[in-house]
Amino acid sequence: MDWRVRFVDYPEQWRRQRDELLPLIEGTLAAGDLMLRHQLSDFEKNLAEFNTSRRAVGVSNCTDGLRLLAHALDIGPGDEVVTVAHTFVATVSPFVLRGATPVFTDIGPDHLMDVEDLERKVTERTKVIIPVHLNGRTVDMLQVNRIALDAGATVLEDAAQALGATLDGQNAGTFGLASTYSFYPAKLLGAFGDGGAVLTDDEPLADRLLKLRDHGRVAKAEMDGWGYNCRLDNLQAAVLDWRLERLPKWIARRRELARRYDERLRDLPELDLPVGPNDDGRRYDVFQNYPVTTDARDRLAEHLRADGVETLISWPIPMHQQKGLDLQHWSLPRTEELCRRVLSLPLHPELDYDQVDIVADSIRRFFGAS
Ligand SMILES: *Cc1c(COP(=O)(O)O)cnc(C)c1O
């Protein structure tokens with residue numbers, strides 16, 4: 001398919017970055033810096049600083065970051081982990097695979113954890129609460145932390161989609177004990193493959209994670225416990241460090257594009273848009289995605305496709321209705337409704353206004369608007 005507007009545009013991204021990245025990759029390879037070298041520790045230092053966290057630990061992906069945290073917190077059978085079903089399955093799987101019981105809250109109008117439902121769902125068995133800052137928008141962390149404190153639960157933030165987002169001037173990922181990030185290529189800060197990180201202000205926890213990600217090693221041939229192999233590749237770290245420096249600019253670009261969509265589409269009564277970038281005084285949203293909602297979702301997606309516009313339905317089947325996950329006893333009406341109505345439009349830093357207009361014009365024609 002020859003798209004006029006791609007959902008993400010890796011070839012264009014490479015075209016724009018290759019002249020600077022090729023020498024960087026060449027230099028890293030020529031020096032033989034492949035595993036756990038200074039490029040990784042430099043990136044960890046810069047990433048922690050970027051997010052005003054004390055420490056960052058590079059790991060193989062966000063899922064493994066959560067896996068190491070679940071291990072470090074000794075999560076097991078009998079423990080309840082409360083999160084949303086409107087997220088990627090990876091938010092939940094590391095805890096389920098250790099024997100914990102997942103508990104789900106429904107979502108609010110902005111697609112994020114409904115904190116009133118959270119209040120109802122915590123029990124004396126709640127060990128961990130995982131707010132997910134979906135689409136680059138921060139969950140109401142003041143409420144989450146208050147509820148967690150009352151319940152004696154630990155808060156871990158799934159910030160895979162929210163690097164750089166803030167609430168009341170405070171960075172997403174700095175409200176809980178630790179937060180996890182994904183550097184999957186399509187994420188705000190993407191690698192050339194898998195990558196992730198855990199951020200925390202807790203120094204002993206960070207030290208523990210450093211060991212857990214590398215076989216329990218404290219020196220080359222010395223272990224002080226069992227561990228995993230969940231390292232972040234040094235070459236990926238070198239690329240990520242270069243990209244991290246440019247991330248604020250790319251986030252600003254995402255917000256400009258979101259504003260453009262908002263201006264072009266907000267008069268359509270059949271279509272609900274995300275909160276605009278300048279419409280929430282408490283938040284700086286980073287627009288990992290631009291999800292619109294409409295009853296005519298499937299027909300709209302088909303119409304856009306015919307016009308050469310690639311869109312994405314992240315989770316057409318809600319997690320709790322996936323066969324084989326044993327979650328079918330859950331009823332989450334707003335999550336289920338959103339999964340029927342939501343569609344993500346293309347939004348990435350390589351997009352230009354003309355392309356946004358192609359998308360917006362196509363949507364306007366679909367709804368019969370001029
Ligand atoms: C991408 C993503 C993950 C998983 O990240 P990986 O790096 O692929 O393991 C987890 N949670 C959310 C919300 C995500 O968007």
Side-chain angles (χ1 to χ4, degrees), residues 7-8 10 43 47 51 56-71 81-97 102 104-105 107 110-113 128-139 141 144 155-165 172-173 175-176 178-199 209 212-213 228-233 236-237 239-240 243-244 251 254 274 285-291 312-316 318-320 322 325 335 338-339 342 344 347-348:
F7 189 73
V8 286
Y10 299 132
F43 171 59
L47 179 66
N51 208 57
V57 177
V59 291
S60 31
N61 53 66
C62 176
T63 313
D64 280 343
L66 288 163
R67 186 154 69 113
L68 299 187
L69 286 168
H71 181 114
V81 176
V82 189
T83 186
V84 284
H86 188 63
T87 182
F88 189 42
V89 72
T91 306
V92 187
S93 53
F95 299 88
V96 171
L97 291 170
F104 296 107
T105 77
I107 49 174
D110 62 358
H111 310 187
L112 304 181
M113 176 178 269
V128 175
I129 298 172
I130 312 178
V132 182
H133 306 307
L134 211 61
N135 303 317
R137 182 173 170 82
T138 314
V139 175
M141 290 307 297
V144 170
V155 175
L156 301 177
E157 301 172 69
D158 182 341
Q161 300 195 1
L163 184 58
F175 293 90
S179 54
T180 57
Y181 297 81
S182 173
F183 307 130
Y184 182 84
K187 300 291 163 92
L188 291 158
L189 179 63
F192 290 129
D194 280 311
V198 180
L199 267 55
L209 295 171
L212 281 175
R213 79 166 178 196
Y228 302 85
N229 181 352
C230 291
R231 298 174 296 230
L232 175 61
D233 281 352
Q236 301 286 9
V239 171
L240 288 165
R243 288 182 167 171
L244 179 65
I251 289 173
R254 284 176 180 272
D285 295 344
V286 292
F287 291 90
Q288 165 70 63
N289 299 304
Y290 195 80
L312 180 76
I313 302 168
S314 293
W315 306 300
M319 194 200 309
H320 60 288
Q322 296 282 348
L325 299 188
T335 299
L338 188 68
C339 289
V342 72
S344 290
L347 196 161
H348 50 80

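Both ligands and their constituent atoms are indexed starting at 1 by order of listing. A quick note: this is a predicted structure, and the numbers were derived from the prediction, not measured.
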Interatomic distance, CG@L156 vs OG1@T83, rounded to 0.5 Å, equals 10.0 Å
If we only count heavy atoms from C-beta on, is the N51 to L163 side-chain gap below 4.5 Å? yes
In ligand 1, the atoms that come under 4.0 Å of a heavy atom of T87 are 13 (C)
Counting from 1 in the order shown, the ligand 1 atoms closer than 4.0 Å to a non-hydrogen atom of V132 are 13 (C)
To the nearest 0.5 Å, atom NE2 of H71 lies from atom CZ of R213 at 15.5 Å
In this structure, CG of L112 is separated from OG1 of T105 (nearest 0.5 Å) by 10.0 Å
One finds that the ligand 1 atoms under 4.0 Å from a non-hydrogen atom of F88 are 3 (C), 4 (C)
- Query: Going by the angle between their ring planes, with limits at 30° and 60°, are F104 and H320 parallel, tilted or perpendicular?
  - Reply: tilted
Checking heavy-atom distances from atom 13 (C) of ligand 1 to each of V89, N61, D158, the winner is D158
Numbered in order shown, the ligand 1 atoms found under 4.0 Å of a heavy atom of Q161 are 15 (O)
Heavy atoms of other groups near Y184 OH, more than 12 under 6.0 Å
no
for atom 6 (P) of ligand 1, nearest protein heavy atom and its distance come out as S182 OG, 3.5 Å
Atoms of ligand 1 under 4.0 Å from any heavy atom of C62, numbered from 1 in the order shown, are 4 (C), 5 (O), 6 (P), 7 (O), 9 (O), 10 (C)
Quick note on ligand 1: atoms under 4.0 Å from a heavy atom of T91 include exactly 11 (N)
Original post:
Below 4.5 Å, heavy atoms only, C-beta onward: do L68 and C230 meet side chain to side chain?
Top reply: yes
Mark the output for G195 as yes if a heavy-atom distance to ligand 1 is under 4.0 Å, and as no if none is.
yes
Under a 3.5 Å cutoff, is there a donor and acceptor pairing between the side chains of T91 and D158?
yes
Atom 14 (C) of ligand 1 sits nearest the protein heavy atom K187 NZ, 3.1 Å
Atom 9 (O) of ligand 1: closest protein heavy atom, distance to 0.1 Å, is T63 OG1, 2.4 Å
